[in-house]
Amino acid sequence: MAARRSQAAHRAQVAARSRTAKRRAPKAVEALEALYARLPDVACRGLCADSCRSPIDMSDLERDRIRTASGVHIPERGRWPATAPCPALTAENRCATHATRPTICRLWGTGTAETMACPHGCVIDGDRLTDEQLIDVTLTSFEIGGHPEFAHLTDQMRILAADPRIQPVLARLIRGDATPQMLLAALQHHRLGRLLAQANTDDHEGP
């Protein structure tokens, strides 16, 4: 009984977020398309289907656009089994909703060798994006389209993105396997590092 109530509550929450996304859709969709237009183009050869077999994250608006355009429902990251293929992946290993694919999919292949680079050598038209840029684009898409988990953390995450020591943690965000708790822990680590650095500076300067 409790499980049924929990599922019903989740469905109601998803429906409410979908209605909110639709109300703000015209301007938000325009903003999303403008964001997408800024990204480098990747001459994809369709060799990356294996990368579509793990959870990804996206904004509520992006998820709603996919469902409206193609009838494909992309589950939220926390409800997506770790090794399950993307529901939009066809039997021919192609994307059934490529025209409305979310930010994370558009970023694939545009990053540096360490993060989000295509392992198949597909050519990119434009400059590769740094981890900090990838994180910023991801956060911007969340801000535009709405994301219940990260909405109140985007400012802090941008602070973290400037710290190379924390970037590996945030890189997990753009691959879809980060959590708010992990990011808050990273923020605390970042602040502790700054305090220690300031203390060392004060010690060297003396009285």
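Just so we're clear, the structure is a prediction, and the values are computed from it rather than from any experiment.
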Drop me the distance from Asp57's CG to Thr138's OG1, to the nearest 0.5 angstrom. 9.0 Å
Measure the SG-CD1 distance between Cys105 and Ile74 for me, rounded to the nearest 0.5 Å. 8.0 Å
Ignoring hydrogens, what is the shortest heavy-atom contact between Thr112 and Ala117? Give both atom names and the distance. O-CB, 2.9 Å
Under 3.5 Å donor-acceptor, Arg53 side chain and Thr83 backbone: no
Using only atom types and a distance under 3.5 Å, with no angle test, would you say the side chain of Thr68 pairs donor to acceptor with the backbone of Arg65? no
Flag, side chain of Ser70 to backbone of Arg67, donor-acceptor distance under 3.5 Å: no
How many angstroms lie between OG1 in Thr110 and CG in Leu39, if you round to the nearest 0.5 Å? 6.5 Å
Value for CG (Leu139) from CD1 (Ile144), rounded to nearest 0.5 Å, stands at 11.0 Å
Nearest heavy-atom pair of His120 and Cys48: which atoms, and what distance? NE2-CA, 3.9 Å
Would you say Leu107 and Leu129 make side-chain contact, with heavy atoms under 4.5 Å? yes
Grab the two heavy atoms, one from Val42 and one from Trp108, that are nearest each other, plus how far apart they are. CG2-O, 3.8 Å
Would you tell me whether Thr140 and Arg158 have side-chain atoms, one donor and one acceptor, within less than 3.5 Å of each other? yes
Look at the side chain of His147 and the backbone N and O of Ser59, then say whether any donor-acceptor pair between them is shorter than 3.5 Å. no
Check: Gly109 main-chain N/O paired with Arg128 side-chain donor or acceptor under 3.5 Å: yes
Quick one: do the Thr100 and Thr97 side chains pair a donor with an acceptor below 3.5 Å? yes
Rounded to the nearest 0.5 angstrom, the CG-CD distance for Asp127 and Gln133 is 8.5 Å
Heavy-atom closest pair (Val137 atom, Leu35 atom, distance to 0.1 Å) is O-CD2, 3.8 Å
Side chains of Cys95 and Leu89: closer than 4.5 Å at any heavy-atom pair? no
Side-chain touch Ile56/Met58, heavy atoms, less than 4.5 angstrom: yes
At their closest point, which heavy atom of Arg101 faces which heavy atom of Tyr36, and how far apart are they? O-OH, 3.9 Å
With no hydrogens and no angle check, is any side-chain donor or acceptor of Glu62 less than 3.5 Å from a backbone partner on Gly145? no
Do Trp80 and Pro87 make a side-chain contact, defined as non-hydrogen atoms from C-beta onward lying under 4.5 Å apart? yes
Ion pair Arg38/Glu33, N-O distance below 4.0 Å: no
Heavy-atom closest pair, residues Ile66 and Pro102: CD1-CD, 3.8 Å
